[in-house]
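One structure is given below, encoded as structure tokens.
So that the names make sense, note that chain A is the first sequence line, chain B the second, and so on, each numbered from 1. Just so you know, these numbers come straight off a predicted model, no measurement behind them. No hydrogens, no waters, no symmetry mates; every other heavy atom, side chains included, goes into these values.
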Protein chains: 2
Amino acid sequence: MTQSPWDRSLAVTTDIVIFTIRDRKLELLLVRRAAAPFQGQWALPGGVVGPDEGLKACATRALDEQTGVSGVYLEQLYTFGDPGRDPLRRVISIAYYALVPSDRLELRASAAPQAVGWFALEQLPPLAFDHCEIVALAHHRLVSKLTYSTIAFQFMGEKFTLSELQAVHEIILAQRVDKRNFRKWALALEQIEPTGEERRDGKHRPAQLYRLKFPGRVEIIR
Amino acid sequence: MTQSPWDRSLAVTTDIVIFTIRDRKLELLLVRRAAAPFQGQWALPGGVVGPDEGLKACATRALDEQTGVSGVYLEQLYTFGDPGRDPLRRVISIAYYALVPSDRLELRASAAPQAVGWFALEQLPPLAFDHCEIVALAHHRLVSKLTYSTIAFQFMGEKFTLSELQAVHEIILAQRVDKRNFRKWALALEQIEPTGEERRDGKHRPAQLYRLKFPGRVEIIR
DNA sequence: GCAAAAGTGTTGGAGATACACCCATGA
DNA sequence: TCATGGGTGTATCTCCAACACTTTTGC
């Protein structure tokens with residue numbers, strides 16, 4: 001319709017909450033801001049949506065640029081657009097969240113000129129903008145989805161044991177889970193299958209290794 | 001960051017899927033487009049996000065302008081931003097959906113210079129842009145939420161009978177529901193209470209009238 | 001042989017489902 | 001008195017939660 005002058009200072013961006021499980025904690029990736037506003041503060045990674053770039057494509061690109069990982073689970077979360085969330089200009093940001101399997105979270109150092117780091121969800125530094133709110137919403141969504149979908153499977157590497165899968169659930173829910181019931185639940189979903197291989201580690205019985213039947217697919221259950 | 005020239009032709013809008021129950025059907029509001037592209041075609045109501053306008057405020061305003069209703073349930077649905085979804089320019093649209101109680105869906109004629117109309121979800125005309133996809137997603141969300149929240153209560157007027165509430169559920173789910181079980185379920189939620197009044201209509205026993213204990217509040221259950 | 005994690009079955013209870021009859025009213 | 005929708009209780013079943021012991025290995 002009408003083209004108003006404020007279009008000049010409008011920006012559309014994506015912000016990404018990148019979760020992983022590290023060291024038996026739920027962690028997420030933050031970058032230190034190089035420019036004003038909030039210069040020097042930690043913030044969610046993200047990028048400006050390009051002229052011919054789709055929203056998810058923008059998030060994927062930002063994810064790849066910051067972490068070097070690609071092909072991981074990525075889902076649109078919510079769109080934040082309060083006037084004043086950025087003190088300098090009007091920014092509308094489409095938030096995504098991503099789940100990165102623990103076995104490929106080496107950060108690509110070259111492509112990350114800014115400081116980048118993993119932080120435990122429970123011990124986040126002060127965040128720029130309204131990123132704290134975004135993180136809270138992403139966390140809430142993750143916990144909810146855990147109970148009615150197979151989303152947690154996206155944290156697993158190519159091969160994993162049932163105990164590892166259980167640990168992921170326990171970490172996200174922040175509570176213990178009954179081993180027998182968990183195994184019945186996980187196997188009944190018919191989303192994983194044994195590889196036939198075993199993993200030996202430590203002085204105890206080796207564990208059966210499983211793999212996802214449909215990698216990348218998240219099933220809504222119940 | 002960098003300010004690129006394409007900002008000139010970027011627009012951020014909201015689109016709203018306005019549901020109501022009319023004549024025992026799930027219907028939604030469409031407007032006929034006055035301008036190109038898709039001139040003369042039916043589309044979702046919506047508006048351009050103003051310079052100092054919040055996203056939800058924009059949706060609320062558009063809703064009010066098109067229907068004259070306000071204070072109804074309104075929730076952000078998803079953000080659509082594929083390049084090319086509008087053939088003339090880049091448009092990023094934050095979709096919302098609204099639920100309007102049947103007892104106040106008189107359209108404000110004065111404020112609706114364009115043609116406006118209610119359409120049964122099952123018999124929609126061809127829609128402009130990707131609005132068909134937006135409607136499908138909104139419908140899916142509504143059906144899902146029906147089973148794990150009290151969202152359907154937002155379709156009810158100030159006073160309503162349990163049979164009316166049941167009818168709303170049956171219409172949205174497109175299937176019959178057991179009367180006894182439905183009543184047990186609805187009452188156990190403790191979100192509605194009897195007014196003490198009765199409604200007589202037809203040659204049968206009058207029905208108890210109920211009201212929402214917390215109007216506007218949608219409870220997540222289970 | 002012992003420590004440590006892997007692996008497995010059964011039972012009881014809560015909540016959902018299925019189902020049929022009486023009640024109050026208007027015509 | 002009959003047709004119409006309003007209103008209620010109970011038996012059954014299914015699924016979830018709780019719970020303890022045996023197996024295999026490394027040291």
Compare the minimum distances between each of C/dA27, D/dG6, C/dA4 and the side chain of A/Lys203, then state the nucleotide with the smallest one.
C/dA4
Nearest whole angstrom, please: distance from the P of D/dG7 to the CD of B/Gln166.
11 Å
Rounded interatomic separation in angstrom, taking CG from A/Asn181 and C1' from C/dT8:
12 Å
Establish whether the base of C/dT25 is bridged to the side chain of B/Arg200 by a donor-acceptor pair shorter than 3.5 Å.
no
Confirm from the modelled atom types if A/Asp201 and C/dA5 form a donor-acceptor pair under 3.5 Å, side chain to base only.
no
Does B/Arg180 or A/Pro206 map to a spot on DNA chain C nearer the 5' end, using the closest nucleotide for each?
A/Pro206
Passes side-chain contact (heavy atoms from CB on, under 4.5 Å), A/Leu162 versus A/Gln208? Steps please.
CA-CA 8 Å; A/Leu162 289 181; A/Gln208 180 66 246; over 6 Å; no
Take the protein atom CD of A/Gln208 and the nucleotide atom P of D/dT24, then report the distance between them rounded to whole Å.
14 Å
Output for pair (B/Phe182 CZ, B/Gln166 CD), nearest 0.5 Å, gives 5.5 Å
Closest to the A/Arg205 side chain, choosing from D/dG7, C/dA4, C/dG7
C/dG7
Walk me through it: do A/Glu53 and A/Arg61 pass the test salt bridge (charged side-chain N to carboxylate O under 4.0 Å, His left out)?
CA-CA 10 Å; A/Glu53 189 177 46; A/Arg61 175 177 58 80; 2.5 Å; yes
Can you tell me the distance, in whole Å, between the CG atom of B/Leu187 and the C1' atom of C/dA16?
16 Å
On DNA chain C, nearest-nucleotide positions of B/Trp185 versus A/Arg183: which is more 5'?
A/Arg183
Using a cut-off of strictly less than 4.0 Å, decide whether A/Ser163 has a side-chain nitrogen or oxygen near OP1 or OP2 of C/dA5.
no
Go through it in stages, so that I can follow the logic: the residues are A/Glu75 and A/Lys145, the test is side-chain contact (heavy atoms from CB on, under 4.5 Å), and I'd like the CA-CA distance, side-chain angles, deciding distance and then a yes or no.
CA-CA 12 Å; A/Glu75 182 187 320; A/Lys145 280 221 160 182; 3.1 Å; yes
Within the structure shown, what part of the strands sits under 4.0 Å from B/Thr161 by heavy-atom distance: base, sugar-phosphate, or nothing?
nothing
Tell me: CD of B/Gln175 to C1' of C/dT17, nearest whole Å?
13 Å
Classify the side chain of A/Lys184 versus the base of C/dT10 as yes if they form a donor-acceptor pair under 3.5 Å and no if they do not.
yes
Using a 4.0 Å heavy-atom cut-off, does A/Asp178 contact any base of the nucleic acid, only the sugar-phosphate backbone, or nothing at all?
base
Can a salt bridge be assigned to the pair A/Arg199 and A/Glu197 using a cut-off of 4.0 Å between side-chain N and carboxylate O?
no
Nearest-angstrom distance from the residue atom CZ of B/Arg199 to C1' of D/dG5
14 Å
Taking donor-acceptor contacts at under 3.5 Å, does the side chain of A/Lys179 reach the base of C/dA6?
yes
Write down the distance between CZ (B/Phe182) and P (C/dA16), rounded to a whole number of angstrom.
14 Å
Pick the nucleotide of DNA chain D nearest each of B/Tyr210 and A/Glu198; which residue has the one closer to the 5' end?
B/Tyr210
Within this structure, what is the CG-to-P distance between B/Leu209 and D/dG6, rounded to whole angstrom?
12 Å
